[in-house]
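Single-structure report; data block below.
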Amino acid sequence: MVARAAVAANAVAAAEFKSGGHELLLFEALREALIEEMKADPTVCVFGEDVGHYGGSYKVTKGLAEMFGDLRVLDTPIAENSFTGMGVGAAMKGLRPVVEGMNMGFLLLAYNQISNNCGMLHYTSGGQFKIPLVIRGPGGVGRQLGAEHSQRLESYFQSIPGLQMVACSTPYNAKGLMKAAIRSENPVVLFEHVLLYNLKEKIPDEEYICCLEEAEMVRPGEHVTILTYSRMRYHVMQAAKTLVNKGYDPEVIDIRSLKPFDLHTIGNSIKKTHRVLIVEECMRTGGIGASLRSAIIDNFWDYLDAPIMCLSSQDVPTPYAAPLEDATVVQPAQIVAAVEQICQ
Amino acid sequence: MVAAAVLRHLGAGTARRVVALPLTLSRGVSDSTEPLTVETSVPYKSHIVDPPAREVATTPRELVAFFRDMSVMRRFEIAADSLYKAKLIRGFCHLYDGQEAVAVGMEAATTRADAIITAYRDHCTYLARGGDIVAAFAELMGRRDGCSRGKGGSMHFYKKDANFYGGHGIVGAQAPLGCGLAFAHRYRKEDAVTFDLYGDGAANQGQLFEALNMAALWKLPAILVCENNHYGMGTAEWRASKSPDYYKRGDYVPGLKVDGMDVLAVKQACKFAKQHTLENGPIILEMDTYRYHGHSMSDPGSTYRTRDEIAGIRQERDPIERVRKLILTHDLSTSQELKDMEKEIRKQVDTAIAKAKESPMPDPSELFTNVYVNDCGLESFGVDRKEVTSVLP
């Protein structure tokens, strides 16, 4: 585990590849990953609402039903609890389903299946069954989608034993994480974000995967470690521009792996900078940031020169009105102010 | 060693034995495979399908095997009751005595390529699928040699190599899992079916209707078996269900109501259902059965039903007594020989308990095994990856 984390340093070099590479949008990267894995392994299949004939509400599965047939790209009725359970049963019997929640928030209806069956069956059966399920879908605060369609489920799933959780944020890591999640023998929840599907990036032509347990070094620096994931990465990078102009040198790490945390990368960074800011879209209460803060205190207390700051979304249902919605999530100006405070 | 030779012959002949323990048969008990036809106790009731015939083909050997297998299960459950009262089994313990005919009849109609999934009243289904009786007791007592390594307990028995998928504590949650198993059969074009068991209480779960819809929509080879023992814990079926005709619940899915205390009726129905499902998609089997114990060991079982009712069913419909009568009527054995068989079963169950008691508690390291499949060397549990602090080089 120690040796592997050294690879995180190379994540920066995502742009260096052998051949020309090709440009695509994040949802296309996810689709490319699905197509490659479904071609390589006949047990990989997709379940979800409108994933087949409709092509997916965010076009992630567009064209897959035509390529692989209606049984492998299964349009389910609106029954999250059951089709997630069906995915678990199929996984117990050796298939590798990818279950899509049209919006992550809908998967709350499947919470029992995800927690008690998906997460725990490997343990309660004494290791007899493995559940190589991938549960994915868009979550996060979008553009005025309303409270019920703006949920962040990372914190709810966090304490389920037996699950792994990753959050993608770029086309490169979206494809890599999707492939790794499908190949993993453990159940993986892949969090996508509604506002990131149209991000464009050039990715390698040759096959690659991203390690599920690794964090990504986005911007090396010296003064402060900023830990973030998903959409907030972009708010952090925007704040970083301002911070650099003001003379700060932030180190930005996209933690990517929400469970388990890549404490090796994170720890090495803290060892260097001695200051930590966590920027997340999760709620303040019981969120990813809360656990991360705890983990850092338990493991790296001696390296800290300042209290860990955590910027999270407000503990409110996401309002519809635009200015209120903006105030719910962390904005770049707040990030700049926080760094200035930490680095005093 | 004539008995041993008989035993070996018997073992070779029967495709699957319920109990791994060899049993020395008394000299006179018939193990003939001459066909024998028995009529089921009551006619089937059906919903949008023609029911199977009431005449069931069986053999003396099969009837004796039924008697033996059900007796082992009965003994097992009664022994579990004592172990629970002796505080060797803790937590929840849901006993199946009275319902043995469903497990045994179903097993007689299936192969190990078919999948079975059930809820938490799973001890006997595990045994029916060839589960090891010592491993079962060890699991109940939380020992290392338990079938789930002591980490599952009473509600989490599984046997992957026999296609037995457990063993589930949340009411009704196994129904969609069963659809997933059936989906995998269809996906892989296997000529096999899934028996998806649930109770009269679970029948009111939304996910049951969701499962029915999906199974019918995609013609999944799923047989939904409602083990109707008439009480959802302490609530009688008529107090929980507007329509307690669970076999009709499928609406567009055909259904059959079966006397679940008659092992031959169960066998016939399951055989019929298997054939039906492979061609036509899902079917519901409602097994009209009864549990003598309460819902679990914490429930005396007598506050919501009368002792007369329990005694009456035991008197008139007990599955083991029914088979005993059949065996005696057809002169396949003597009463004394059957009693001797029961005595021997009792002894063997006691031996199994003694052996299970010898198994130690799981090693403390077992707390952290099987949380994840050991992928990428992953041994993590919580978000911070290790149980001890991380050490940087």
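Per chain, numbering begins at 1; letters A, B, ... match sequence-line order.
Comparing A/Ala90, A/Ser125, A/Ser257 by heavy-atom pairs within less than 4.5 Å of chain B, the highest count is held by A/Ser125. Of all the listed residues (A/Val88, A/Asn112, A/Ile131, A/Ile78), the one sharing the greatest number of non-hydrogen pairs under 4.5 Å with chain B is A/Asn112. Ranked by heavy-atom pairs under 4.5 Å with chain B, the first of A/Leu121, A/Thr84, A/Leu212, A/Asp70 is A/Leu121. No other option in B/Lys160, B/Arg186, B/Glu139 has as many heavy-atom pairs under 4.5 Å with chain A as B/Lys160.
Closest approach of B/Leu367 and A/Tyr123 over heavy atoms only: O-OH, 3.0 Å. Of all non-hydrogen atoms in B/Phe164 and A/Phe129, the two that sit nearest each other are O-CZ, 3.7 Å. When every heavy atom of A/Lys93 is checked against every heavy atom of B/His185, the shortest pair comes out as CE-CE1, 3.5 Å. Across every non-hydrogen atom of A/Leu74 and B/Phe183, the tightest pair is CD2-CE1, 3.6 Å. The minimum heavy-atom distance linking A/Gln113 with B/Pro176 is given by the pair NE2-CG, 3.8 Å.
Distance alone, capped at 3.5 Å, places no donor-acceptor pair between the A/Gln128 side chain and the B/Ser148 backbone. No donor-acceptor distance shorter than 3.5 angstrom exists from the side chain of B/Tyr372 to the backbone of A/Pro161, with no hydrogens or angles considered.
Residue contact with chain A, scored on non-hydrogen atoms closer than 4.5 Å, involves the side chain of B/Ala115 exclusively. Only the side chain of B/Leu217 comes within contact range of chain A, with at least one heavy atom under 4.5 Å from a heavy atom of that chain. Interface remark: B/Leu212 contributes no atoms to any contact with chain A (heavy atom separation under 4.5 Å). Within the 4.5 angstrom heavy-atom criterion, no atom of A/Ile266 approaches chain B. Contacts of B/Glu190 with chain A are made by side-chain atoms alone, with heavy-atom separations under 4.5 Å and no backbone atom involved. For A/Pro42, the part lying near chain B is the backbone, with the side chain staying farther off; criterion is any non-hydrogen pair under 4.5 Å. The contact between B/Leu181 and chain A is made by backbone and side chain atoms together, counting heavy-atom distances below 4.5 Å. Heavy atoms closer than 4.5 Å to chain B are found in the side chain of A/Phe47, but not in its backbone. For B/Ala211, the part lying under 4.5 angstrom from a heavy atom of chain A is the backbone only.
Crowding of B/Asp191 atom CG: a count of heavy atoms from other residues, nucleotides or ligands under 6.0 Å not exceeding 12. For A/Lys272, the NZ atom is densely surrounded, since the number of other residues' heavy atoms within 6.0 Å is greater than 12. More than 12 heavy atoms of other residues, nucleotides or ligands shown are found within 6.0 angstrom of OH on A/Tyr208. Residue-environment remark: CZ (B/Arg144) exceeds the threshold of 12 foreign heavy atoms within 6.0 Å. For B/Phe92, the CZ atom counts as loosely surrounded, since its 6.0 Å shell holds 12 or fewer non-hydrogen atoms of other residues, nucleotides or ligands.
The closest side-chain heavy-atom distance from A/Leu71 to B/Trp218 is not below 4.5 Å. Between A/Asn117 and B/Gln174 the shortest side-chain heavy-atom distance does not fall below 4.5 Å. Looking at B/Glu210 and A/Pro77, their side chains never come closer than 4.5 Å, going by heavy atoms from C-beta outward. With contacts defined as side-chain heavy-atom distances shorter than 4.5 Å, the pair B/Val371/A/His122 does not qualify.
Annotation: the span from B/Arg188 atom CZ to A/Thr43 atom OG1 amounts to 7.0 Å, rounded to 0.5 Å.
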